[in-house]
Amino acid sequence: SSINCLLQRRPRECLPAPCSGHTQWQAMEAEPTWDAQLASAAEALKESKFFDGVQFINSCMEAYGKLVGDEDGKLIKDPTAFVADHSGKLSADQKAQLTKMYEVRGDIITGLGAHKRAAADFAAAQALGGASDGLAAKQKSAEEAAKGPKKLDKIPVTVITGFLGAGKTTLLNRILKENHGKRIAVIENEFGEVGIDDSLIEAGPLTTEENIVEMNNGCICCTVRGDLIMGLKKMVKNAQKNNKPLDAVIIETTGLADPAPVAQTFFADDFVQQKLCLDGILTVADAKHLIMHLDEEKPEGVENEAVEQVAFADRILLNKCDLVSEADLDEVERRIRMINEGVQIKRCKYSEVDMDFILGIKAFSLDKILEMDDGFLSDSAEHQHDERVSSVGINIKGEVDQQKLNDWIGWLLKEKGIDIFRTKGVLAVKGMPQKFVFQAVHMAFSGAPQRDWAAGEERVCKLTFIGKNLDREELVGGFNKCLV
């Protein structure tokens, strides 16, 4: 499945290559030995570099597993099964080495918050002959932490994801305008080359412009992931410097983002891991179009983002319920539960939902993610978008004729709407004092005047199309014909 292949470790190529014109072979860097990896893992643990530690200890145990006949990877994936299958075949020295490995791994995983998984590692260490008061205490502590309520000594982060046009920005605005008294910072990520959502976000009383960071023309799950880390660090440091502590951070991803690499960010960077924690992944699902996107066939090696967004969700808002029948809603929920059986689903329209369902929910569980995807913590992430999907942005001074615009958009979405996933824009319309906000999802579109143009503000038109096999020349040329 797409989940199981997600973030799998790529084998490192260590084959020597002949030097051109010589009989000598170019030496390649040798793979570190398992004992060197174990030493590196212990050092990373000592420095509280838990994500680095996971890479070292997993590499160590993979290499050692081959030496002791672990052909199916149970040494890491299922410690209980490994001990049951192999304990009788191991020498005393091998058991002693594995006991060390499991204890180090348990300590590292504890640092990342996967207490249930850590308890399994500590139990395996004891079962291999390493029974001691220290290990027993660690196992008991991990088991109690897995059962008990999470401590919130870090800034909670909510990730809002969902396919293009599902209603993510509408939900974000509802959160920001709600009278909850929280100082919330926002990171807004757009796939399009022309930013539109910054014009659509309505800051609340405690969310100022300095706490809203926009990242355009790239996906925070891959191309601008480093910007996400820098943005989070800047927000936290500014809040500390200005003595205005943050109560929460909300990240709205692009509709084409895979939430797994975004979630991994909160474990991969030491500063982020120490200061922030994931509260939950919220997926906004479009009741009218979700099944179509779940069933879309992708090129080989390209994951289906809609499936990943459902799979990694801690809560799902089944939005736009007013656009489909009750029977259709039941079928959409059935399809969701085929992917994420136990997820809580709330039916809604216009992204209207109680804040208690989405904020302060302490729903993200690293243990749950590792059970679903044991490669989640691997640093060899390889995320590939569908190359057929792109964006076309228009940013031009001037005004449009409303009738010409309506005629062209109506024709365009009727003829090309299946392949145009999302259209959104803020337009200057001749004779209209307000900014005209236009939005479409496939062939369903709406538009309405919003805030007034400010006195002296330059009247411009911004429009973004996101879809498959887009014809830039056709889209730009068609829009230009609508200009006054």
Side-chain angles (χ1 to χ4, degrees), residues 37-61 64 74-84 86-87 95-157 263-264 266-280 314 342 360-378:
Q37 296 279 23
L38 178 58
S40 296
E43 188 63 28
L45 172 62
K46 191 185 301 181
E47 298 176 3
S48 297
K49 294 182 177 295
F50 302 119
F51 186 78
D52 290 344
V54 167
Q55 314 312 316
F56 291 130
I57 195 63
N58 283 357
S59 295
C60 162
M61 295 176 82
Y64 201 78
K74 288 181 182 177
L75 179 62
I76 295 176
K77 295 178 184 177
D78 191 346
T80 304
F82 172 80
V83 171
H86 293 269
S87 183
K95 287 182 179 180
Q97 295 294 354
L98 286 166
T99 295
K100 287 181 194 173
M101 294 176 196
Y102 275 123
E103 183 172 10
V104 169
R105 190 173 194 275
D107 288 338
I108 290 169
I109 292 293
T110 296
L112 290 172
H115 301 292
K116 181 180 176 182
R117 186 57 188 267
D121 286 337
F122 293 137
Q126 293 192 86
L128 288 168
S132 67
D133 291 343
L135 274 172
K138 287 181 179 182
Q139 182 181 344
K140 183 179 179 182
S141 176
E143 289 170 345
E144 289 176 353
K147 294 176 189 173
K150 292 183 181 178
K151 296 177 183 176
L152 264 188
D153 54 351
K154 302 177 184 179
I155 302 169
V157 180
Q264 193 202 60
F266 292 88
F267 303 95
D269 183 85
D270 295 332
F271 180 89
V272 172
Q273 197 266 332
Q274 290 164 12
K275 300 292 184 181
L276 302 115
C277 66
L278 275 174
D279 184 54
D314 297 306
I361 56 178
K362 304 176 186 176
F364 182 84
S365 167
L366 181 57
D367 279 314
K368 184 186 80 171
I369 297 298
L370 290 173
E371 287 173 5
M372 176 176 66
D373 174 17
D374 56 69
F376 173 74
L377 290 174
S378 169

By side-chain contact (heavy atoms from CB on, under 4.5 Å), which residues pair with [X], not counting sequence neighbours?
{"X": "Thr110", "answer": "His115, Ala118, Phe122"}
{"X": "Lys140", "answer": "Glu144"}
{"X": "Ala125", "answer": "Thr99, Tyr102, Leu135"}

Is any side-chain heavy atom of [Y] closer than 4.5 Å to one of [X]?
{"X": "Gln126", "Y": "Gln139", "answer": "yes"}
{"X": "Phe266", "Y": "Gln273", "answer": "no"}
{"X": "Phe51", "Y": "Gln264", "answer": "yes"}
{"X": "Glu103", "Y": "Asp121", "answer": "no"}
{"X": "Asn58", "Y": "Arg105", "answer": "yes"}
{"X": "Phe376", "Y": "Leu366", "answer": "yes"}

Donor-acceptor check, side chain of Gln274 to backbone of Lys154, threshold 3.5 angstrom: yes or no?
no

Has the side chain of Asp279 got a donor or acceptor atom that lies under 3.5 Å from a matching backbone atom of Gly360?
yes

What's the shortest heavy-atom distance between [X] and [Y], and which atoms?
{"X": "Ile108", "Y": "Ala41", "answer": "CD1-O, 4.0 Å"}
{"X": "Ser48", "Y": "Asp270", "answer": "O-OD1, 4.4 Å"}
{"X": "Ala363", "Y": "Asp314", "answer": "O-OD1, 3.4 Å"}

Sorted by chain and number, sequence neighbours left out, salt bridge (charged side-chain N to carboxylate O under 4.0 Å, His left out) with Asp367 holds for none

Partner residues of Asp269 under the salt bridge (charged side-chain N to carboxylate O under 4.0 Å, His left out) criterion, sequence neighbours left out:
Lys233

Going through the distances and angles, do Ile109 and Leu377 end up as a side-chain contact (heavy atoms from CB on, under 4.5 Å)?
CA-CA 10 Å; Ile109 292 293; Leu377 290 174; 4.2 Å; yes

Spacing of [X] atom [atom1] and [Y] atom [atom2] [to the nearest 0.5 Å]:
{"X": "Leu128", "Y": "Ser87", "atom1": "CG", "atom2": "OG", "value": "5.5 Å"}
{"X": "Cys277", "Y": "Asp153", "atom1": "SG", "atom2": "CG", "value": "7.5 Å"}
{"X": "Lys100", "Y": "Leu38", "atom1": "NZ", "atom2": "CG", "value": "7.0 Å"}

For the pair Phe82 and Leu98, evaluate side-chain contact (heavy atoms from CB on, under 4.5 Å) and give the outcome as yes or no after the intermediate values.
CA-CA 11 Å; Phe82 172 80; Leu98 286 166; 3.9 Å; yes

Is Lys138 salt-bridged to Asp107, going by a charged N under 4.0 Å from an acidic O?
yes

Side chain to side chain donor-acceptor pair (under 3.5 Å) with Lys74: which residues, sequence neighbours excluded?
Asp85

In terms of heavy-atom contacts, does NZ of Lys116 have more than 12 from other residues, nucleotides or ligands at under 6.0 Å?
no

